Amino acid sequence: MAYDTYKLLRVVREGALVTAVVDAPPINVITMELFQELAALSIELEADPDALVFVLKSADPDFFLAHFDVALLIAMANAPAGPVGDVNTYHEMCARYQRMDKVTIAQIEGRVGGGGAELSMSFDMRFGVIGKTVINQMEVPIGILPGGSGTQRLPRLVGRARAIEIILGAEDLDAETAEKWGWLNRALPADAIDAHVTALARRIASFPPGAVRAAKRSIETSALPLDEGCRIEAELFQSVLFTDTARSQMQRFLDLGGHTREGELRVAELSAEVARPG
Amino acid sequence: MAYDTYKLLRVVREGALVTAVVDAPPINVITMELFQELAALSIELEADPDALVFVLKSADPDFFLAHFDVALLIAMANAPAGPVGDVNTYHEMCARYQRMDKVTIAQIEGRVGGGGAELSMSFDMRFGVIGKTVINQMEVPIGILPGGSGTQRLPRLVGRARAIEIILGAEDLDAETAEKWGWLNRALPADAIDAHVTALARRIASFPPGAVRAAKRSIETSALPLDEGCRIEAELFQSVLFTDTARSQMQRFLDLGGHTREGELRVAELSAEVARPG
Amino acid sequence: MAYDTYKLLRVVREGALVTAVVDAPPINVITMELFQELAALSIELEADPDALVFVLKSADPDFFLAHFDVALLIAMANAPAGPVGDVNTYHEMCARYQRMDKVTIAQIEGRVGGGGAELSMSFDMRFGVIGKTVINQMEVPIGILPGGSGTQRLPRLVGRARAIEIILGAEDLDAETAEKWGWLNRALPADAIDAHVTALARRIASFPPGAVRAAKRSIETSALPLDEGCRIEAELFQSVLFTDTARSQMQRFLDLGGHTREGELRVAELSAEVARPG
């Protein structure tokens, strides 16, 4: 996995952590070229056995991803027999970022709209900047609808009522409100977001890969009925429990202070020490 | 659609926007008469091809809708063979407000309880007043349960744990908490709610009707499994994309400043200008 | 139901309210012994026709339930043919606390982690202490995953994105954030939580048992498709409506001031008076 075929994405790998910076001036509109790079990257990432965490950010502090190219949509609208299938390739790209066995994080420092917001909603986590990040679904006023999974993922993220407000009202959603509504995992100060996301990404990248992958897969099954999900969870649990990694990590947890009052009062640190190579 | 057969509802139409004011003194209890008017209105609205947005409010600043008529419930309880079917007509009315191809908004300035809260939860959006709006499900203490869809819609709105707290605890839920929990889209100052809801309603009413209807329908399918919902979304997307409205609106979006940094920094305004007749 | 076979749980019954205090020093690790007592208690509670509300708390102000015994997990990992089935008995215990026809409340004043957090998520409601309650899923860093229903219940409680942050990030979640995200029903001051939970528990315990049980059961069906859930709700509604309890409680509601402006402005109190023996 060389990650060296991209022109609008600057991709860097550091151990199990892959970071991509979108740099498509003037405002990161998702043109066909950028779409193809984002889709290609999702395929390369998915196939990379060593990648465990992926962070997407933007070179432009004002725009994360503006939206899908409207000129391209007009061309599609004028040629119905043409690139219609692309709608589904957009769905496929989004599903890949959601379901790949890596943790995907969107670090959204500026505006994100339309198809850019839809792509972001497919990521496992979203972090934004207080007073800066703005979300906007501008499709309905211009006569279309969020057709890149937005009408499906937004209600799952913020509930039906607020999804209707965002999609049909098409007003700006600020970072604080987006955090309250669950669109953002957290809204952070502008000078803190990069350190915060990097620390979280590195932390996860330091954990046993098998456990990270199995846990994500198990969470993914939570869309199933509860008892069915629990059955799959039990299988995945056993698939990680009966491994040398689990045995040695759990032993290390006890050795480093697990089960003691002192150790358990700082369990978040302790468990990170367990994961750190001894 | 004349909207002129109502005695407890004052219905006004202004273009694509229909507003109804409940005026059933002393406290807007949902008597059989008021229930029948609310149900009849849902049918008239559903059949109105020109209506796009509906707002329900109350003439009484203290009560939006108190609850279903308890004297009537006692009569039902005493005559099991009697008007039992009415339970399901209540469900049907609620489903109609949820699923009609119009956007339905409840502007809840005072108290709302029991069946009134259930009806409100069927609307697409709910707005309330800080320090004034109060929600209460009083069914369980008086020996029954929220049988007008409350046990179904409340967990969807605020999660299972808080639905249990509201329904089984039967305490008052204030506006600020209701907003935090997602029962209200937003809690607004008393002197701001009318302007806020009216502006939102007019804004949506100014958008292309086909896009508004298709977007709502697509959001409605988000209760299906994700991939299934995405398939329907793709169909609905194409149903609006290949229209003259979409073509001209999207072109107008580009003409008015879409894809430029200046235009996209004020995209919420820009998209409203697109929708405004040129 | 004597509730007198427990050594690590101090169980007290007061009318329809049962309270259990976990007292398993030093830090309430869920050892096999504690697990068996918690499971046995769920069975005894489920079978108790007089219990209506159950509260679980801890004798240790710093720890509600630390997590499942890691030494025991190591033993399981070393003997795959051994007590593997226990994973599913954990699922069964959790499901029993969720589905029993009693309201289950976790009063979480200190830290709760791993399997303790999973058990807590199975309860109907969770209350915590501002500045004190801390939630941590430490499984992934030590090589396993939350296999006691955590990957299933956490996304239902806080959404997929925050479930991924909690489980894969394995950082501490403080009480205020847990309340915002919906993990806790409410985060309360340290000196207020006991009175708050006790008052809520007693209040529910004073309501008509048939209505409490039917309402919980109806809420439970809200995981079904909406129309299906509404059908069951209608049946459960009729099962409580056509009872002498409902008839007399509803009449009392009218007698005590229901349907009047004064009465309805204090409906939360009024409905509690209805439930109080006359």
Side-chain angles (χ1 to χ4, degrees), chain A residues 103 123-126 156-157 179-180 182 184-186 200 203-204 206-208 210-212 214-216 218-227 229-231 233-234 236-238 240-243 245-254 258-261 264-265 267-268 270-272 274-275, chain C residues 26-27 29 60 62-63 66-67 69-71 73-74 76-78 80 84 87-88 90-91 94-95 98 111 113-114 134 136-156 158-165 167-172 177 180-182 223-224:
Chain A
V103 180
F123 275 53
D124 292 325
M125 294 185 261
R126 282 156 297 288
R156 283 169 167 80
L157 209 50
E179 183 194 47
K180 279 187 204 153
L184 290 173
N185 280 54
R186 297 178 191 264
L200 176 63
R203 183 176 166 91
I204 299 175
S206 79
F207 294 162
V212 170
K216 174 168 172 177
S218 195
I219 292 168
E220 190 63 31
T221 67
S222 65
L224 298 173
L226 181 61
D227 292 337
C230 281
R231 265 193 302 276
E233 182 192 79
L236 288 165
F237 178 71
Q238 297 191 17
V240 290
L241 180 67
F242 302 130
T243 61
T245 301
R247 281 179 204 111
S248 65
Q249 296 288 105
M250 291 192 293
Q251 188 56 53
R252 231 169 111 73
F253 178 73
L254 293 182
H259 283 215
T260 69
R261 179 168 289 265
E264 300 278 355
L265 284 172
V267 69
L270 175 64
S271 56
V274 169
Chain C
I27 54 166
V29 165
D60 185 328
D62 292 329
F63 288 90
H67 50 66
D69 187 332
V70 174
L73 287 171
I74 295 174
M76 285 168 64
N78 284 326
V84 164
V87 175
N88 292 321
Y90 208 86
H91 281 163
C94 288
Q98 179 181 325
R111 282 186 166 266
V134 175
N136 188 290
Q137 300 288 158
M138 27 57 83
E139 290 91 344
V140 167
I142 67 168
I144 55 174
L145 59 80
S149 78
T151 68
Q152 303 303 306
R153 285 199 166 87
L154 191 51
R156 284 169 166 80
V158 303
R160 183 185 184 279
R162 284 164 171 167
I164 287 195
E165 183 176 341
I167 291 176
L168 297 183
E171 292 279 14
D172 282 349
T177 309
K180 279 187 204 154
W181 293 7
L224 298 173

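What you see is a predicted model; the values in this text were computed from it and never measured. Letters A, B, ... mirror the listed sequences (proteins, then strands); counts begin at 1.
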At a 4.5 Å cut-off on heavy atoms, which part of [X] comes close to chain A: side chain, backbone, both, or neither?
{"X": "A71(C)", "answer": "both"}
{"X": "R162(C)", "answer": "both"}
{"X": "A170(C)", "answer": "both"}
{"X": "I74(C)", "answer": "both"}
{"X": "D69(C)", "answer": "both"}

Contact leader toward chain A among P155(C), P26(C), S149(C), C94(C), where contacts are heavy-atom pairs under 4.5 Å: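 Among P155(C), P26(C), S149(C), C94(C), the one with the most close pairs to chain A is S149(C).
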Distance-minimising heavy-atom pair for E179(A) and N185(A):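 Looking at all heavy atoms of both residues, the shortest contact is CG-O, 4.1 Å.
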Pairwise distance CD(E233(A)) to CG(L224(A)) - rounded to 0.5 angstrom: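 Reported value, rounded in 0.5 Å steps: 12.0 Å.
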With a 4.5 angstrom heavy-atom cut-off, could you sort out which part of [X] is near chain C: side chain, backbone, both or neither?
{"X": "R203(A)", "answer": "side chain"}
{"X": "V103(A)", "answer": "side chain"}
{"X": "R126(A)", "answer": "side chain"}
{"X": "L184(A)", "answer": "backbone"}
{"X": "L254(A)", "answer": "side chain"}
{"X": "I219(A)", "answer": "both"}
{"X": "S248(A)", "answer": "neither"}

Mutual orientation of the aromatic rings belonging to F253(A) and H259(A) [parallel < 30°, tilted 30-60°, perpendicular > 60°]: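 The rings of F253(A) and H259(A) stand perpendicular, inter-plane angle above 60°.
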Donor-acceptor contacts, no H, no angles, side chain residues 139-147 of chain C, under 3.5 Å, sequence neighbours left out:
residue	atom	partner	partner atom	Å
E139(C)	OE1	Q137(C)	NE2	3.1
E139(C)	OE2	Q137(C)	NE2	3.2

Working for ring-ring contact (aromatic ring centres under 6.0 Å, His included), residues F237(A) and H91(C): CA-CA 12 Å; F237(A) 178 71; H91(C) 281 163; 8.8 Å; no
By ring-ring contact (aromatic ring centres under 6.0 Å, His included) - contacts of F63(C) (at least two apart):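 Testing F63(C) for ring-ring contact (aromatic ring centres under 6.0 Å, His included), a comparison that skips the adjacent residues, returns none.
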